[in-house]
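Residues take their numbers from the sequence shown, with the count starting at 1.
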Amino acid sequence: MEDSPLHSSHVQKLLLVTNRVHMLLHSTALCFIFYYRFSFLFQPPHTTESLLFPWFLVFASEIILSFIWILGRAYRWRPVSRTVFPERLPEDHKLPAVDVFICTADHTKEPTFEVMNTVLSAMALDYPPEKLNVYLSDDGGSSVTLRAMRETSNFARLWIPFCTRYRIKSRCPKAFFSSSDDDESDFVRSSLYVEDKKQIEEKYEVFKEKIVSFRDNMAISRDDPTINVQDHPPSIEVMEGNIFDDADNGKIPRLVYVSREKRPSHPHHFKAGALNVLLRVSAVISNSPYILVLDCDMFCNDPSSARYAMCFHLDPKISSSLAFVQFPQKFYNVSKNDIYDSQLRSIFTLQWRGMDGLKGPVMSGTGFYIKRVSLCGNLNIKGTDLTQLKEYFGSSNEFIKSLTQNYTSDSASGGNALLEGETHLLASCEYEISTKWGQEVGFLYDSVVEDYLTGFILHCNGWTSVFCEPSRPQFLGSATTNLNDVLIQGTRWYSGLFENGINKYCSLIYGPSRMPVLQRLCFAELTYFPLYCFPLWCFATIPQLCLLHGIPLYPKVGDPFFIIFVFIFVSALLNHLEEVLITGGTLHKWMNEQRIWMMKSITCHLYGCLDALLKKVGIREANFLPTNKVADDEQTQLYQMDKYDFRASSIFIAPMLAVITINICCFLGGVYRAVFVGSWDKMFVQFFIAGFIITVNYPIIEGLVIRKDKGRISKLLAICVIIATMILLGCFTLLSSV
C-alpha cells in the first residue's frame, strides 16, 4: 500500500481535441475579420468619411473581444480530472495537524447562528480531533459571537460523538436536521440511532434558541456599548478540547476565538488582514503545517475533505512544491436554472480544471488547504539572524520560534500567561508596522481580491496548486440570490481583478520565467475579463445608432465576409452551449448565462473598471463590504421562480433600461427606414444584433411592462431613464442630419 499512489490525474482527451479544433477554426475566422476591417482603411476617402468613427469603435470592440477570447483559450488547452484514494493514507497518528480559519466581519449581515453551524461542521471533520484546531476571526468584535462560540464548544461535545458514532456525512447540524433525506447514516434503521437523533435534535433546538436570544438581546440593547466595530482591543479566547465521558471516549478539537485589534488610525486590510492575524496567532497555539480557509457561510458538507487534501499534500512526488489544494465552491440555495449564475459554473467546472492541467488553479477565497510554510515568503529562515527575521516577521520571539520545525507552543506546557501576552501582541494593529506582512509574508494586501493576488504570487515563486472535485461537494455555501447583491459583489470582484491587470502584478509582464505562458494567460484572462464592458456597450449602441441612420457597419447578405461574421457568432454561441451542456446545464441555463453576462458587462464590469482606475490615480481608496447573507424569503421566492428582482440600485437598473430603449427605438426606426428606403441586405447584421439583444433581455421588458409583483422595475425610474434616453437619441439624430 505504501507504494500505491494517493491520487491519479486523467487528461480529458476528447474535450482537449474538441477545444483545439474549435480554437483553430475560430482563430482562422478572426483573421479574416481583421483583414476585412483593415481593408476598409484603404478604400477611397469619400466612401469612408462618414463611417470612420463608428467603424473604428466597432473594430476596437472586436479586438478587445478577440484579446479576451485568446486569453481564455489557455483554460481549454489541457483540462484534467483527478481521483483520490484516501484509504491509502497512513494511520491517523501519522497524519499532519490542520488548522481551520473561518472569518466573519459583521454579525448583522452574516447571521451568528449560520456561522456557528460552519464552525461545528469544521470541528466534526473526519480527522483526528487532537490534530484539528478551529479558529474563528470576528472582525466585528461582537460579544454575541464570543458567547455563541462558548455555546458551540459545549454543543460540540454532543454533536461530534454523534456524528462519529453513526458515520454522519453531512456534519453541519442545520443541513443535517433540515434534510429530507434520512439516509445520511448507515444506521438509519437502527432504533438506537433514531432515539439518539431525537435527543440530539432537542439539544440542537436549545442551542439554536440560545444563539438567537444572544442576537435578540443585542438588538434590544442596540449593540454592545463596550465594543466599537472599528475601534476595539484584541480579544482571544482558547476553548481547549476536553475528553468527554461517553462510549466513544473521544476528544473535540481545540476551538479559538480571535478578534484582532482595530483602530481608525491603522489600516486593517479587510479579510487578508484578518487571515494574517489568524496565521500568527495560530502559530503560537497549534502551529499546524496545513491550514483550511473557509468563509463563514461555507460549511463542510462532507467530512472527508482533509483526507482528500492530504492525498496531494503527502504525495512525495509533488508535496515539496505544492502550496494548496483548492476545492470548488458549491451552493445549496441555487435554483435549477440559476438566473444570476450564482454558482459560477464556468469557473469551477471549466476554468479551474483547465488550470489544473497547467500548474494549478487560482486561490478562490474559501475551501482550500494551504501549506503554512508557503505563506512565509522567500526568506531562508535557517540562514538568517534574529534581527533580520524580526524585520521580516515582526518582534514576537514565539512566532519566530514557530517558524522552525518541531516547534511546540507553551500552551501545551502550561505557559498560559506567556501565551496570552504573545497572542495579544500578534493580534495588535501595530504589529505589522515596518515588517513584510502583506507584502511578502502571509496573504497579500495590494488588492481587495487577496486570494487572487496571493495565489498568483505563490505561482510566481514556483509553488503549484491542484484542483480536487469529488463527486460529493465537500463544501456548501449560500449564494447571492438577488440582483442587487450579485452586481455589488461583482463590482467589488471585478474592481480588484482589473486593478491587478493595470498595476505591477500584471501577469503578462510580472514574475520570473518559470510560470508557463499558458498559466500567465489564465491569470490575465481573469484580470481583463471586466474589459467586456467596452465592447458590450459598443455593440449595444453603435450598430443600432448606425442602423437608425442607414450606415452599414457589416458586409451585406451574400458577401463572402457575411458568412465569416455569421460563423464567428454561431461558433461562440455553440461553444458556450456545449460547455453548459457537458457540465450538466440546460438550454435555459445557457440563455440565463448569456443574459447575466450582458447585464454584468454594462454595469458591474464597467463600474469595477472605473473603480480600479480611480484607485490607480489615487482619487478613491479601497473598500470592502461583506455580502449580505441574511435570507429574504420574498427575494428567495422570486429567484426560485426564475424571476429577476429588479429592486436594485438605480446605477444598475438605469443602464439596462437605457440599452433596451436604444435597441427598441433603433430597431423600429431601422425597420421604418428599410421599408421606405430599402437596403435590408446591407443592414441585416445590425437588425439581428438589435433583435438579439432585445430577445435575450426580454425579462427587463417583462419587469417593466408586465409584472405586478414587488420585484418589478420602478415606474418612476423607468420613466426618467426612457425619457432621458429618447431625448439623447433625438439630439443625436439632429446632430447627424446637420
Side-chain angles (χ1 to χ4, degrees), residues 64 68 72 105 109 270-271 295 297-298 329 331 333-335 338-348 350-352 362-366 447-453 477-502 525-537 540 576 589 592-615 620 622-629 632 635 638-639 644-659 696-697 699-700:
I64 293 174
I68 299 174
K109 292 187 176 181
F270 316 116
K271 183 181 177 181
D295 283 345
D297 65 319
M298 186 69 66
Q329 295 182 28
F331 305 98
N333 61 333
V334 293
S335 63
D338 191 18
I339 56 175
Y340 302 126
D341 191 28
S342 299
Q343 64 181 336
L344 305 173
R345 180 204 57 82
S346 179
I347 290 178
F348 294 111
L350 174 69
Q351 294 176 212
W352 274 208
V362 177
M363 187 184 293
S364 305
T366 181
S447 174
V448 293
V449 283
E450 78 295 325
D451 48 355
Y452 167 88
L453 182 58
S478 173
T480 48
T481 55
N482 70 83
L483 186 61
N484 191 61
D485 285 350
V486 166
L487 297 180
I488 289 175
Q489 185 183 62
T491 302
R492 184 178 76 234
W493 287 349
Y494 298 128
S495 171
L497 289 171
F498 186 61
E499 185 180 20
N500 285 293
I502 58 176
E525 197 271 349
L526 288 170
T527 60
Y528 294 123
F529 190 85
L531 286 178
Y532 271 125
C533 64
F534 178 80
L536 261 291
W537 265 108
H576 180 214
K589 178 72 173 70
N592 287 335
E593 287 192 13
Q594 289 285 326
R595 183 181 301 118
I596 197 64
W597 171 63
M598 291 184 187
M599 289 180 175
K600 287 182 176 180
S601 293
I602 63 173
T603 55
C604 58
H605 287 179
L606 174 63
Y607 299 140
C609 287
L610 292 176
D611 188 63
L613 290 171
L614 291 176
K615 284 186 284 187
R620 180 175 169 83
N623 63 85
F624 178 88
L625 293 173
T627 306
N628 189 1
K629 298 298 182 182
D632 184 300
Q635 291 177 340
L638 287 172
Y639 170 73
Y644 290 83
D645 186 355
F646 291 109
R647 290 173 294 178
S649 171
S650 298
I651 64 171
F652 296 131
I653 302 300
M656 299 181 196
L657 290 172
V659 165
V696 171
N697 292 284
I700 298 176

Going by atom types only, do D485 and T480 share a side-chain donor-acceptor pair under 3.5 Å? no

Closest approach of E499 and V448, non-hydrogen atoms and distance? OE1-N, 4.5 Å

Smallest heavy-atom separation, I502 atom then L613 atom, equals CD1-CD2, 3.9 Å

For residues 645-655, dump all side-chain donor-acceptor pairs below 3.5 Å to protein atoms at least two apart in sequence or in another chain.
{"residue": "D645", "atom": "OD1", "partner": "R647", "partner atom": "N", "Å": "3.2"}
{"residue": "D645", "atom": "OD1", "partner": "R647", "partner atom": "NE", "Å": "2.9"}
{"residue": "D645", "atom": "OD2", "partner": "R647", "partner atom": "NH2", "Å": "3.0"}
{"residue": "R647", "atom": "NH1", "partner": "E634", "partner atom": "OE1", "Å": "3.0"}
{"residue": "S649", "atom": "OG", "partner": "I651", "partner atom": "N", "Å": "3.4"}

If you compare all heavy atoms of A612 against all heavy atoms of F498, which two are closest, and at what distance to 0.1 Å? CB-CD2, 3.7 Å

Please state whether the rings of W597 and Y532 are parallel, tilted or perpendicular, taking 30° and 60° as the class boundaries. perpendicular

Looking at CE of M656 and CE of M598, how far apart are the two atoms once the value is rounded to the nearest 0.5 Å? 12.5 Å

Given C604, which partner from the list D611, T491, V486 fulfils the side-chain contact (heavy atoms from CB on, under 4.5 Å) test? T491

Donor-acceptor contact below 3.5 Å, side chain W537 vs main chain I602: yes

Distance, nearest 0.5 Å, that separates NZ of K600 from CD of E593: 9.5 Å

Can you tell me how far the CG atom of D341 sits from the CD1 atom of I596, to the nearest 0.5 Å? 7.5 Å

Distance, nearest 0.5 Å, that separates OG1 of T366 from CE of M298: 5.0 Å

Any donor-acceptor pair under 3.5 Å linking the side chain of K271 with the backbone of G365? yes

Please report the interatomic distance CD(Q594) to NZ(K589), rounded to the nearest 0.5 Å. 11.0 Å

Within the side chain of Q329, is there an N or O that forms a donor-acceptor pair under 3.5 Å with the backbone of S364? yes

Looking only at the side chains, is there a donor atom on one of Y340 and N592 sitting less than 3.5 Å from an acceptor on the other? no

Donor-acceptor under 3.5 Å (N333 side chain, A479 main chain): yes

Hydrogens and angles aside, do N500 and S447 bring a side-chain donor and acceptor to less than 3.5 Å of each other? yes

Side-chain (Y644) to main-chain (L483) donor-acceptor, under 3.5 angstrom: no

Is a donor from one side chain sitting under 3.5 angstrom from an acceptor on the other, for Q351 and S346? yes

Under 6.0 Å between the ring centres of F529 and H605? yes

Does any part of the side chain of L657, heavy atoms only, come nearer than 4.5 Å to the side chain of I700, both counted from C-beta? yes

Mind listing the closest non-hydrogen atom pair of S342 and V334 along with its distance? CB-CG1, 4.2 Å

Under 3.5 Å: donor-acceptor pair, side chain of R595, backbone of N697: no

Atom pair CD1/CE of I339 and M599 - distance to nearest 0.5 Å: 8.5 Å

